[in-house]
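Residue numbers begin at 1 in each chain, while the letters A, B, ... track the order of the sequences.
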Amino acid sequence: MIRLYDYELSGNCYKIRLLCGFLGLAYTSVPIEFHPGRAHKGADFLRINPLGQLPVIDDDGFVLRDAQAILTYLAARYDPARTWYPVSDARLLGEVGQWLAFADSITATASAARLHDSFFHDLDVDAARAGAHRLFRILDAHLWFAEQEGRIWLCPAPQPTIADIACFPYVILSEEGGIFLQDYPAIRRWCDRVKRIPGFVPMPGVFPAGPGLPPPLTAGSV
Amino acid sequence: MTERRCTDPVILNQWHPLHPADQMEATRVTRTILLEEPLCHALDANGAPLVWPSAGSAPRLDGSQPSPLPARLAYGFLWACLGTPPDDLFPFPETAEPDRRNLATGTFGVHVSAGRAIENFLDMGHFPFVHTGILGEEPHTEVKEYDVEIASTRDEVLATRCRFYQPKAAASSTSGAEVEYIYRVPHINCAILYKSSPNDLERRDAIALFVQPVGPEQVIAHTFMSVLDNDSSDTGIRLFQQTIFGQDKPILENQFPRRLPLAPRAETPIRADKSSIAYRRWLSSKGLTYGVIPAVAE
Ligand SMILES: [Fe+2]
């Protein structure tokens with residue numbers, strides 16, 4: 001079975017748990033205590049990932065690090081419908097790659113601000129917040145224009161892709177870093193849609209969608 | 001007397017938690033903030049705690065620290081005071097029982113007032129909705145009748161006979177059970193809950209929340225446990241507690257107002273709030289003004 005080196009409060013680890021939830025893929029979680037234990041910087045874990053970063057998976061001896069890389073591998077290998085990582089559509093695949101890189105920028109800003117406020121990491125939190133707002137304005141505009149064309153996911157496909165999974169955690173957790181989402185209505189609607197994908201799993205700080213009507217746009221609903 | 005940014009003597013003259021003791025190393029200096037005052041702390045070569053106002057320059061432990069503050073190690077944490085502290089910290093005798101495991105289970109920054117953090121800790125009503133599948137689950141949402149009083153033995157709020165159905169009450173639980181709680185609030189920013197231990201029916205596990213007020217609407221929440229559990233690993237117990245706290249954090253940060261209102265009937269009371277009403281009244285009787293919206297006497 002897939003082993004996931006995991007920390008429950010990590011948004012990057014959550015990306016992998018989300019995809020496994022959506023795919024109905026079983027895995028074993030191996031907890032690595034990021035805070036306060038700093039086990040990800042300990043000798044045992046550095047042998048698994050010399051970068052000292054979570055998550056890492058071990059799939060039957062195949063060891064892979066980096067949340068975005070793991071998403072591409074798991075989706076390419078375990079999604080029989082080939083919709084989460086659409087390898088046969090070059091343009092769509094390119095757009096997925098573009099938003100995976102965008103997710104890394106969200107990690108460098110919104111996640112950094114959360115690490116500062118919640119876990120006391122020493123960094124320039126004002127710069128991190130400003131960077132996150134810049135990205136969120138771009139994301140909100142992108143999602144708003146997509147909605148005008150009847151699309152509800154980040155990439156122009158009827159189904160969600162791993163790009164949605166990669167961008168979701170540190171957007172939804174951003175308020176823990178003092179970055180508030182009230183000025184990004186299209187982002188908030190998109191977050192609600194992600195939460196309604198069958199197989200969605202919450203994490204501490206991320207709650208399931210409330211009761212109530214599903215979002216108005218249902219084109220290509222999953 | 002030194003000028004302080006916070007001018008409320010009720011909170012200045014308390015011991016406040018600053019850091020988990022097991023994460024301090026001799027002679028390593030760490031910075032923190034207490035009541036808006038930047039501080040440095042360290043253990044000296046003999047393991048004695050030292051806390052002093054940070055002057056903004058690179059902190060060094062070279063014997064030239066300006067005016068050290070009262071400091072002590074207790075219940076797994078470093079404590080300090082910016083004013084005149086009471087002689088003793090509150091009693092927490094369970095931590096001295098030889099067969100218990102005492103451990104700091106996680107420290108988190110939260111954008112909320114200390115009073116709101118303590119109040120949430122006392123509230124059983126949120127268990128099924130926030131700690132779903134762990135500390136509560138629907139349809140077991142009823143908060144049964146319980147007792148709240150100011151303890152006869154010392155000045156602290158005490159809630160007893162609190163009962164609640166919990167699917168997974170502790171790291172070592174294997175099934176759901178009705179769990180009995182006792183809550184103590186022995187300090188304006190600290191609370192301890194005692195719950196029936198899955199490993200010893202006669203005794204109780206203790207879980208504590210020690211809140212360090214950084215500012216009126218910002219805190220560092222330190223969690224601590226003193227448990228009868230020989231099986232779970234330290235990491236297992238800490239991760240369980242971090243899951244719980246991670247679920248509370250967004251609830252705390254969405255409280256409005258962030259300061260705790262002390263006026264009677266500021267928010268509609270329901271049974272789950274009985275301990276919260278007693279806590280607010282108790283804070284009000286002390287004349288606390290920092291981090292709260294005081295009741296206006298007119
Ligand atoms: Fe809670």
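- For A:F180, the part lying under 4.5 angstrom from a heavy atom of chain B is the side chain only.
- Each of B:F210, B:F92, B:W15 was scored for a ring pair (Phe, Tyr, Trp, His ring centres under 6.0 Å) with B:F77, with one residue passing: B:F210.
- The greatest number of non-hydrogen atom pairs below 4.5 Å with chain A, out of B:T235, B:T243, B:D248, B:I220, is found for B:T243.
- Your options are B:E253, B:K249, B:H111, and the one with the most heavy-atom pairs under 4.5 Å with chain A is B:K249.
- In this structure, A:W99 has its ring center under 6.0 Å from that of A:H142.
- Centroid-to-centroid, the aromatic rings of B:F164 and B:Y181 stay 6.0 Å apart or farther.
- Heavy atoms from other residues, nucleotides or ligands lying under 6.0 Å from CZ of B:F129 number more than 12.
- With a 4.5 angstrom heavy-atom cutoff, A:E8 touches chain B only via side-chain atoms.
- Proximity to chain A involves both the backbone and the side chain of B:Q242, based on heavy atoms less than 4.5 angstrom apart.
- Ranking A:P202, A:S118, A:P31, A:G205 against chain B, the residue ahead of the rest is A:S118, based on heavy-atom pairs under 4.5 Å.
- In this structure, A:R193 contributes its side chain and A:I152 its backbone to a donor-acceptor pair below 3.5 Å.
- Looking at B:I244, there are no atoms closer than 4.5 Å to chain A (heavy atoms on both sides), in backbone or side chain.
- Salt bridge status for A:D44 with A:R47: present, with a side-chain N to carboxylate O gap under 4.0 Å.
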